[in-house]
Amino acid sequence: MIARSVILTTCARIAYPVLLLFAVALYWRGHNAPGGGFIAGLLTAAAIALRFIAHGRRDRSGASAPFITAIGVGLAIALTTAFGSLAFGHAFFTHTFGHFHLPLIGDVELATAALFDLGVYIVVVGNVITVVSAMTDREPGED
Amino acid sequence: MDVPILLVIAVTLTCGMYMVLERTLLRVVIGLGLMSNGVNLMLLASGGLGAGTAPILHGQRDYGASPVDPLPQALILTAIVIGFGVTALLLTLAYRTYQSVGSDDLGELDGKLTDE
Amino acid sequence: MWGLVVASLLPFVGAALLPFLSKSRGDNCGWIASGFIVASFAAVAISTPAVLHQPGAIAFEWVPSLGLQFSIAADGLSLAFAFLITGVGSIVFTFAAAYLGPEENRRRFFCYLLIFAGAMLGVVFAANLISMFVFWELTSVSSFLLIGFWHERDASRGGALKALVITAGGGLAMLVGFILIGSIVGSYEIADIMAAREQIAAHRWATAAAMLIMLGAITKSAQFPFHSWLPSAMEAPTPVSAYLHAATMVKAGLYLVARMGPVLSLIPIWTPTLTVLGIVTMTWGSFLALRQTDLKALLAFSTISQLGLIMAMFAQNTASAATAGVFHMLNHGLFKGALFLMVGVIEHEAHTRDLTKLASLRSNMPRLFAVLVLASLSMAGIPPMGGFISKELFLEEVLQMPWPLTVIAVLGACLTVGYCLVLAIGLGLTHQDEAERKHAHDAPTALLWGPAVLVFGALLLGLVPTFLAGGLIESAAAAAIGGHVPHPHLTMFHLSPTLIVSVAAISAGAAVFRFGWMRRTPDAPKLVADRVYEAWLTGLEHNAQRLTASYMSGLLWRYVTIIVCVGIISMSALAVFVGFDASAPWGARPAQTFEYVVALIPIAAAIGAVVAPTRLAAILALGASGFSLALLFSLVGAPDLALTQIMVETVSVALFLSAFVHLPAYRKLKPRKFQPLYAAVSIAFGVGVTALLHHARGQRVGGTIADYFVENSVEKAGGHNIVNVILVDFRGLDTLGEISVLGIAALTCYALIKLRPERKRP
């Protein structure tokens, strides 16, 4: 972006962690309430994009590289959970879940499906940020 | 709820198609975005509309009063995200086309992309 | 019988193994290929006595669901052709092994040749019309590849294409005929069809089927008016001309006529049409042969002429005519194969095959000349060659035909003698000067023994025909007429009216040659059939181009308009014929006023996007459409969708805004003038799709699968949000596919923007 706005930068600084936290919450509760990997991923991406826009170009030279990697990592996680069931003698893509009692937090349900959702989450973040940063990473008129 | 949603579908698809039929690249991309909105609504309407509760279970199988079909919703959720991917790709193509050809007029593209 | 299965498979096996067996330069592949074909010949020969005694069949399942089986059947007719294919094949393969120099791609050549031999055996041993068709077209394809063997030449490519278009096109017509027959009988097995011949002849499709099958036969055998591909096919290497275009492939049409004769000759149109076509082809071909100066062209037209003769014989479907046909076919395979090979030798040694430029063969290549004379005598029908007997048998049949046909046929016989004398005497008597004599030398034995063996066969067929092939001819003729044939008494010595006609024809032919009535033209005028073919081909290309150009405009909106219009028209037609169902419920309850108000937002946003005067406004309108969609989603009980839509819309708008900086200012932002046509198309599209949706909503059959998800979501997947459970668990594979697509899309965007093509170096 050509000019930076102080108001935007300040707001972004405050909003960024809040949005990320909200995204994590959306992801976590996704199996049982509205939310999930897609939504959380998009929200995270929106937060990061906001930060990019607020801080301008200089802060993120080369910033897109880790996000391209993230696409691969996310796909790998999703594939691992999909194929993981084969190792336990179940059909491809069989998920399982169990309940655990954690101190302080209480009864927690953990599902391998959530792991798959994590892969989805990471791919979505990687996708959006790769595209947005590639698109904004050049000044208008620069070729 | 069906009649207003069918109306929205009809108008959105019409406007989307009209923009796709234009010759400015960006307008075509916007038109496709509109059409994808309309199609998402179509999927929803094909599953039946009503003021049902969200497909979220409370107890083991307790579904609330009138259930909403969850399958179209899953399809649409996928379609929305894919739609974003498509829009991103289209925008990139539009951008690169403009860079290569020096025009965003679809009528001037023919034969110009072969040089590169 | 199993020997014949082996014989049919050997060439294919050879073609598959040839690349691995041969040395790197392909030096020995000619001999390896010859080994396979000779082995195949031996297998045919060993099986012969048993098959002649008792014809048999073997069937393998092929496509059981379609009732197709791969079956092999053998009788005298198949064997007669198999002998030609493998016997002449053995000679041609060994000849070609010595003939083709190391500069040629011999491995490819022999591969094609073996595939052809296998396909040809497949045709004659097929007991099923469909498998016969498959092999039939395989011979066309291998012929295409062999004619175009020297693919760097324009003429080769043109000749190959012409042969393929005509023969494969005829083959397709034949397939339609086969299917008609098959649907009449209810089986494609030839044995079943033979049994049902009366039923076929009485059927109203019989004439159409007969004409279509005839089309296949006369295109393959280069009969008038489809003869023009054969002279063009002479662009092939000479062994190919000898093998495919004289001895075997062009006889596939004759085989078809003979094989189907017992059935199709019951249809009134069959025999007269084929007889007239055959006789006309014979005379016209021999007339054209006389006008050629190129030796190969002369032989090509003579082949056309001889094929016409045999075709007319097989068309009669009588015992004597079938005997004449089979006998002459064997004769022709021998002498014509030999003649072609010898032309190859002449070209090899003298570097020309132009009649007017060749020096005297008698003094330059005495051994070759002797063999050439014998072969020509056989073709002319002069004793003591086998051709004489078959010519007599032919004339005997012709004398019983209506007199115009008799006249034409006898004229054809005269002309035949004429061009044979051109070969036998004309080549030997040419004057020459001393320089040429020194330069020329006789053919090497390696090249000469092949034609010599073939001509020796033709001679034996003349001297001891009954002993050599009596049983085979009897059995073949019986199969060709579907009845009993008396054991043929073929002999050189007889007194009958035909002998007088024969002598007259020979004298007249000699006169034709002596006085040069048919003056040869160095630049033979183009065949009318050729002109028709070329006009057709260029017309086809031209019109296809025009038709394609008329809709491939390169303009996106035209394409979309065409697609949408076709869709709307076909959907409307469906609505008219199937009926439109408007019975779908209009919702569980009537819409409330506030819902109409909410619906106004996306409607306004969509219209706003169309009329927006600036890019920014249009992008924001698109965003408004998306956000209002989220509102609708939340109203109908889809909170996940609403959340996703809000997020996607946020990110999309950001993306659009970052992209549009790089795009030009939107046509000075005046949208194009209002276009009534496109508006109409768009409205038809929007309304049509919505109507389709409403129609579909009334067509629900069966229950919904949602119940399954509802019941198992918690129990099997441990999740209360069914939509999410579907995404990550029940339909997890879909989601995996989707995120892969997302990943690929992102990488593509990145590559398109960041990676540049290398600058062109100066």
Side-chain angles (χ1 to χ4, degrees), chain A residues 23 26-49 52 64 67-68 70-71 74-75 78 93 95 97 99 107 109 111 113 116-143, chain B residues 25-26 28-30 32-33 36-37 39-40 43-44 47 51-64 67-104 112-113 115-116:
Chain A
L26 276 177
Y27 161 73
W28 185 251
R29 65 180 214 144
H31 216 44
N32 294 310
F38 279 115
I39 299 167
L42 286 164
L43 182 59
T44 309
I48 298 174
F52 278 3
S64 55
F67 291 102
I68 291 191
I71 297 175
L75 274 176
F93 249 114
H95 286 308
F97 63 96
H99 291 269
D107 192 35
E109 184 190 288
F116 180 75
D117 220 11
L118 182 67
V120 172
Y121 172 89
I122 296 174
V123 171
V124 171
V125 175
N127 168 290
V128 176
I129 299 303
T130 303
V131 175
V132 169
S133 66
M135 196 66 99
T136 53
D137 202 16
R138 44 192 59 242
E139 296 296 335
E142 176 205 347
D143 264 60
Chain B
L25 257 173
L26 186 61
V28 172
V29 178
I30 293 175
L32 283 170
S36 108
N37 281 349
V39 170
N40 285 342
L43 276 173
L44 191 69
T53 45
I56 292 168
L57 302 173
H58 301 299
Q60 193 68 302
R61 284 184 197 175
D62 175 16
Y63 205 156
V68 174
D69 194 339
L71 188 61
Q73 294 198 13
L75 293 179
I76 297 168
L77 208 155
T78 314
I80 293 172
V81 181
I82 284 279
F84 171 77
V86 170
T87 308
L89 193 58
L90 279 173
L91 276 174
T92 316
L93 282 172
Y95 163 66
R96 285 290 285 141
T97 308
Y98 175 60
Q99 261 192 342
S100 307
V101 181
S103 163
D104 68 336
K112 284 195 183 168
L113 282 172
D115 296 335
E116 210 184 355

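Order of the sequence lines fixes the chain letters, A, B, ..., with proteins taken first and strands second; residue numbering starts at 1 for each chain.
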inquiry  = To the nearest 0.5 Å, what is the distance between CZ on A:F38 and CD1 on B:I80?
reply    = 10.5 Å
request  = Under 4.5 Å heavy-atom distance to chain A, tell me which part of B:T92 shows up: side chain, backbone, both or neither.
outcome  = both
inquiry  = So which residue, A:N127, A:V128, A:L42, A:V131, ends up with the most heavy-atom pairs under 4.5 Å with chain B?
reply    = A:V128
query = Contact part of B:L89 toward chain A, heavy-atom cut-off under 4.5 Å: side chain, backbone, both or neither?
reply = neither
